[in-house]
**Student:** 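Got a structure for you, written out below as structure tokens; questions coming shortly.
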Amino acid sequence: MSIKLYNTLTCRTEELIPGGERMDSPEQYPPVTIYSCGPTVYGPAHIGNFRTYIFNDLLRRYLKFRGYRVNHAMNITDVDDKTIAGSSKEGISLREYTDRYTATFFDDLKTLGIEPVEHNPRATESIDAMIDIIARLNKKGLVYEKEGSLYFSISKYPRYGRLSRVDSREIKSGLRYDTDEYEKDDIRDFALWKGAGPDEVGWDTPFGRGRPGWHIECSAMVRKIFGTTIDIHTGGVDLIFPHHENEIAQSEGAYDEPFVRHWVHWEHLLVDGAKMSKSKGNFYLLRDLTEKGHSPRSVRYLLMSAHYRKQLNFTIEGLRQAESALGRIDNLIVRLKDIRRDGPGNAELPAMIEDLFSRFCESVDDDLNISRGLADFFDFLHGVNGLIDGDAISMADANLVMDVLKRIDTVFGFIFFGEAAPEADVPWIEDMIRRRQEAKKARDFARADSIREELSSKGIILEDTKDGTRWKQKT
RNA sequence: GGCGCCGUACCCAAGUGGCUAAGGGAGAGGUCUGCAAAACCUUUAUGCAGCGGUUCGAAUCCGCUCGGCGCCUCCA
């Protein structure tokens, strides 16, 4: 069994072989080297952006779950036209401006349960590596200069276009035209280095003062951090062309070795059937949803529940459905914690657990099919609920199941293990429950119901079972 | 105009040549309950946009039609 991922470069689902040499077990492989295109920090990221970061997270979590080690980098683009424009508009330094949105970004990642990755390089801290690439390209005659800016010359690089199959395209003049303000020889050429005046944001380099083109930073960071061919490069589908195509041209042009083994691209989040984007204005920020009372974990659940290579249309109704599904998982945990029976373990349970993991791995190994993995998980959940209903489960079994949930949540990252919130006044709640029991015993159901309603208004839900009343917090 | 993807139940969504088309949400009936809630059981697509074709056999392959989306321009 091995992990298979769709590779945009070959248009095929291919086995992941970290380091390029097959081993007998995941532990024997070198760490999986992953580079993910990160945000340009010119404002808060919207949930469409976060769909890709959630899938980056799912990928690395699943690799670790399967026993691989990972070495993962995600860049922060902290210099480009938008960040420069934004900071000058506010009259603050570029650094101050980008620091603000970088912090917002990391806060949101944390809120969504996205694990920190091993490296978060910033473009402005990787200028040296960019200079090295440009110098190498220049030595090979792939660079030309025009009005202080340096461009990559695609006509001198025949291998261009393999990722996006752009070579078969015709750039239709009139329909689409170049909006770049810089002069270029060929419409497809792209800027490696943009010349800057003495008062503009810039760095002094052997080829003059200027700032990086958009694509060069990723090539530079990959080289700086990993040194050689990496296993996986990820990003949104909109980056296939031209961004990733240009990265390949720069890196392979400069270093004469394969840049990336496996290209993985996440599909877009839509809203009302159209791509969610800042420029269209049809986006939700994470805080737009949390302020309305939607939990971050339901956002996480929803965004990752559909396969990554399929567009997902975001709706509030979808978020509600995700919340209900999560409620089902929460309830299992409440029920497990409530089990007090000693005694021998259930004979069926170990096989159920084994079945869950083998099915789950089979599903998710197959191009990260988390939808199927979720179905496997819910089948297991259903089975355990059946055991609980039949009173066929002991405390030891319950702990075993809790361990399973914790293990599987190292992949999901959205299960709520229900630590009692500090504001919950447990003695008071228990007192209220006791008073309600007395009322029930006296058949004063009006009073019993009013106690239940009072607790409900404080966010405490009561459930009567044959072993007594238990409570849980609304989540 | 070029390139590519998608259309599966009331909603979301797996499945891409062959057992009775996963799973979640919602609804209905039942068990339990003073009533709820939760859970469990039963139930909701002879059908996979439409029409042709290939095949012993198709949601799955091919062609056409209709509908939707993305990329080709900053973008996740």
Side-chain angles (χ1 to χ4, degrees), chain A residues 8 11 36-40 42 45-56 80-82 164-180 188 214 234-243 265-270 273-280 301-302 305-307 309-313 315 317-332 334-335 338 359 363 366 369-379 381-382 384-390 439-440 443-446 448-449 452-453 456 461-466 469-472:
Chain A
T8 310
C11 301
S36 300
C37 283
T40 302
Y42 67 102
H46 59 66
I47 59 167
N49 302 129
F50 285 118
R51 188 178 190 218
T52 75
Y53 305 125
I54 285 169
F55 278 126
N56 285 338
D80 80 317
D81 292 355
K82 284 177 186 165
S164 59
R165 283 156 285 280
V166 78
D167 49 15
S168 61
R169 301 177 187 200
E170 281 181 33
I171 307 286
K172 194 97 172 166
S173 59
L175 248 181
R176 299 288 187 191
Y177 56 92
D178 183 28
T179 55
D180 200 319
R188 299 174 305 164
W214 174 32
T234 75
V237 287
D238 51 357
L239 298 184
I240 296 171
F241 185 87
H243 184 53
H265 291 101
W266 320 117
E267 255 299 350
H268 286 139
L269 187 66
L270 311 182
K275 176 181 169 180
M276 184 178 288
S277 69
K278 286 258 179 74
S279 53
K280 283 183 187 160
Y301 180 100
L302 176 62
S305 62
H307 192 265
R309 281 195 289 120
K310 252 188 168 175
Q311 295 167 339
L312 173 66
N313 192 37
T315 61
E317 172 58 22
L319 208 50
R320 288 204 192 94
Q321 294 189 0
E323 279 154 11
S324 296
L326 287 171
R328 213 169 140 72
I329 302 171
D330 296 344
N331 273 317
L332 174 65
V334 170
R335 299 186 88 198
D338 210 41
R359 285 171 59 196
S363 297
D366 182 12
N369 191 338
I370 198 68
S371 316
R372 221 169 84 200
L374 276 166
D376 299 330
F377 174 69
F378 276 105
D379 283 340
L381 182 146
H382 180 72
V384 173
N385 270 322
L387 294 184
I388 297 173
D389 270 13
K440 279 174 67 175
R443 304 196 69 78
D444 183 357
F445 297 120
D449 288 348
R452 184 166 63 196
E453 272 161 40
S456 173
I461 299 167
L462 298 188
E463 292 178 3
D464 292 336
T465 72
K466 59 182 184 304
T469 300
R470 68 174 177 227
W471 63 275
K472 65 180 182 187

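Lettering of chains follows the sequences in order, A, B, ..., and the numbering in each one begins at 1.
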**Student:** Could you tell me whether A:A274 contacts a base, only the sugar-phosphate backbone, or nothing, with contacts defined as non-hydrogen atoms closer than 4.0 Å?
**Tutor:**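 Here A:A274 touches the backbone only, sparing every base.
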**Student:** When you compare B:A59 with B:G47, how far apart are their C1' atoms, in angstrom units rounded to a whole number?
**Tutor:** 9 Å
**Student:** Determine whether A:I47 and A:L269 satisfy the following criterion, side-chain contact (heavy atoms from CB on, under 4.5 Å), listing intermediate values before the conclusion.
**Tutor:** CA-CA 8 Å; A:I47 59 167; A:L269 187 66; 3.8 Å; yes
**Student:** Has the side chain of A:S324 got a donor or acceptor atom that lies under 3.5 Å from a matching backbone atom of A:R320?
**Tutor:**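 Yes; judged by distance alone, with no hydrogens or angles, the pair exists.
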**Student:** With pairs defined as Watson-Crick or G-U wobble and both distances under 3.5 angstrom, please note down RNA chain B as a dot-bracket string, | for pairing with another strand.
**Tutor:** ((((((((.[[[..)..(....]]]((((((.......))))))....[[[[[..)....]]]]])))))))....
**Student:** Please give, in whole Å, the distance from B:A13 C1' to A:Y301 OH?
**Tutor:**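 Result: 10 Å.
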**Student:** Rounded to whole Å, please give me the gap between CD in A:Q311 and P in B:A14.
**Tutor:**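 After rounding, the reported distance stands at 12 Å.
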**Student:** Can you tell me the distance, in whole Å, between the NE2 atom of A:H243 and the C1' atom of B:U73?
**Tutor:**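 Computing the A:H243:NE2 to B:U73:C1' distance gives 15 Å.
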**Student:** Identify whether any heavy atom of A:G48 sits under 4.0 Å from a base atom; if not, whether one sits that close to sugar-phosphate; answer base, sugar-phosphate or nothing.
**Tutor:**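 A:G48: base contact, heavy atoms under 4.0 Å.
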**Student:** Distance check, C1' atoms only: B:G7 and B:G15, in whole angstrom units.
**Tutor:**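 Comparing C1' positions in B:G7 and B:G15 gives a spacing of 15 Å.
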**Student:** Ion pair present between A:E267 and A:R309, side-chain N to carboxylate O less than 4.0 angstrom?
**Tutor:**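 Salt bridge flag = no for A:R309 with A:E267.
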**Student:** Side chain of A:H382 only, please: which of B:C12, B:C41, B:G70 is the nearest?
**Tutor:**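 Among B:C12, B:C41, B:G70, the one nearest the side chain of A:H382 is B:C41.
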**Student:** With A:R335 as reference, evaluate A:D389, A:D330, A:T465 under the side-chain hydrogen bond (donor to acceptor under 3.5 Å, both in side chains) test and give the passing residue.
**Tutor:** A:D389
**Student:** Please state the C1' separation for the pair B:A58 and B:G50 - nearest whole angstrom.
**Tutor:** 16 Å
**Student:** For A:R372, does its backbone N or O pair with a side-chain atom of A:N369 as donor and acceptor, under 3.5 Å?
**Tutor:** yes
**Student:** What contact category does A:L269 fall into here, base, sugar-phosphate, or nothing, at under 4.0 angstrom with non-hydrogen atoms?
**Tutor:**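 Counting heavy atoms under 4.0 Å across all strands, the contact made by A:L269 includes a base.
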**Student:** Donor-acceptor pair, distance only, cut-off 3.5 Å: does the side chain of A:S456 make one with the backbone of A:R452?
**Tutor:**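 Not at all, since once roles are kept as given, no pair shorter than 3.5 Å links the two residues.
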**Student:** Are the side chains of A:L332 and A:V384 in contact, using a 4.5 Å heavy-atom criterion?
**Tutor:**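 Yes. Closest side-chain heavy atoms under 4.5 Å.
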**Student:** Checking A:D80 against A:T40: is there a side-chain donor and acceptor pair closer than 3.5 Å?
**Tutor:** no
**Student:** Is a donor-acceptor pair below 3.5 Å formed from side chain A:N49 to base B:A76, judging by atom type as modelled?
**Tutor:**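 Answer yes: a donor N or O sits under 3.5 Å from an acceptor.
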**Student:** Counting the atoms with a prime plus P, OP1 and OP2 as sugar-phosphate, which does A:H265 contact under 4.0 Å by heavy atoms, base, sugar-phosphate, or nothing?
**Tutor:**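 No contact.
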**Student:** What's the gap between B:G24 and B:U8 when it is taken at their C1' atoms, as a whole Å value?
**Tutor:**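 Straight-line distance between the two C1' atoms is 15 Å.
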**Student:** Send over the distance from A:N313 CG to B:G7 P, rounded to a whole Å.
**Tutor:** 14 Å
**Student:** Identify, between A:A375 and A:N369, the residue whose nearest nucleotide on RNA chain B lies closer to the 5' end.
**Tutor:**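 It is A:N369, whose closest nucleotide lies nearer the 5' terminus.
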**Student:** Can you tell me if A:N331 uses its side chain to pair, donor with acceptor, with the backbone of A:G327 under 3.5 Å?
**Tutor:** yes
**Student:** So, OP1 or OP2 of B:G68: does either fall under 4.0 Å of a side-chain N or O from A:K310?
**Tutor:** no
**Student:** Would you measure the distance from the P atom in B:U65 across to the matching atom in B:A13 and give it in whole Å?
**Tutor:**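 To the nearest whole Å, 27 Å.
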**Student:** Could you work out the separation of B:C69 and B:C12 based on their P atoms and round it to a whole Å?
**Tutor:** 15 Å
**Student:** Using atom C1' in both nucleotides, what's the gap between B:C10 and B:G27 to the nearest angstrom?
**Tutor:**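 Straight-line distance between the two C1' atoms is 8 Å.
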**Student:** Could A:K440 and A:D464 be called an ion pair, given the rule that one side-chain N must be under 4.0 Å from one carboxylate O?
**Tutor:**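 A salt bridge is present here (some side-chain N lies under 4.0 Å from a carboxylate O).
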**Student:** Which nucleotide wins on minimum distance to the side chain of A:R372, given the candidates B:A38, B:G23, B:A14?
**Tutor:** B:A14
**Student:** Find the distance A:L239:CG to B:C74:P and express it as a whole number of Å.
**Tutor:** 11 Å
**Student:** Please report the distance, rounded to the nearest Å, between CG in A:N385 and P in B:G24.
**Tutor:**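 Distance check: A:N385 CG to B:G24 P gives 11 Å.
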**Student:** Just by protein heavy atoms under 4.0 Å, how would nucleotides 25-36 of chain B read 5' to 3' in B, S and -?
**Tutor:** SS-------BBB
**Student:** With a 4.0 Å cut-off on heavy atoms, is A:Y53 in touch with a base, just the backbone sugar-phosphate, or nothing at all?
**Tutor:** sugar-phosphate
**Student:** To the nearest Å, give me how far apart CD (A:E267) and P (B:G7) are.
**Tutor:**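 Value for this atom pair: 12 Å.
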**Student:** When rounded to the nearest Å, what value does the distance between C1' atoms of B:C66 and B:G52 take?
**Tutor:**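 Pairwise C1' distance, B:C66 against B:G52, rounds to 15 Å.
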**Student:** Would you tell me whether A:S371 and A:H307 have side-chain atoms, one donor and one acceptor, within less than 3.5 Å of each other?
**Tutor:** no
**Student:** Check the distance between B:G2's P and A:I240's CD1 and give it to me in whole angstrom.
**Tutor:** 20 Å
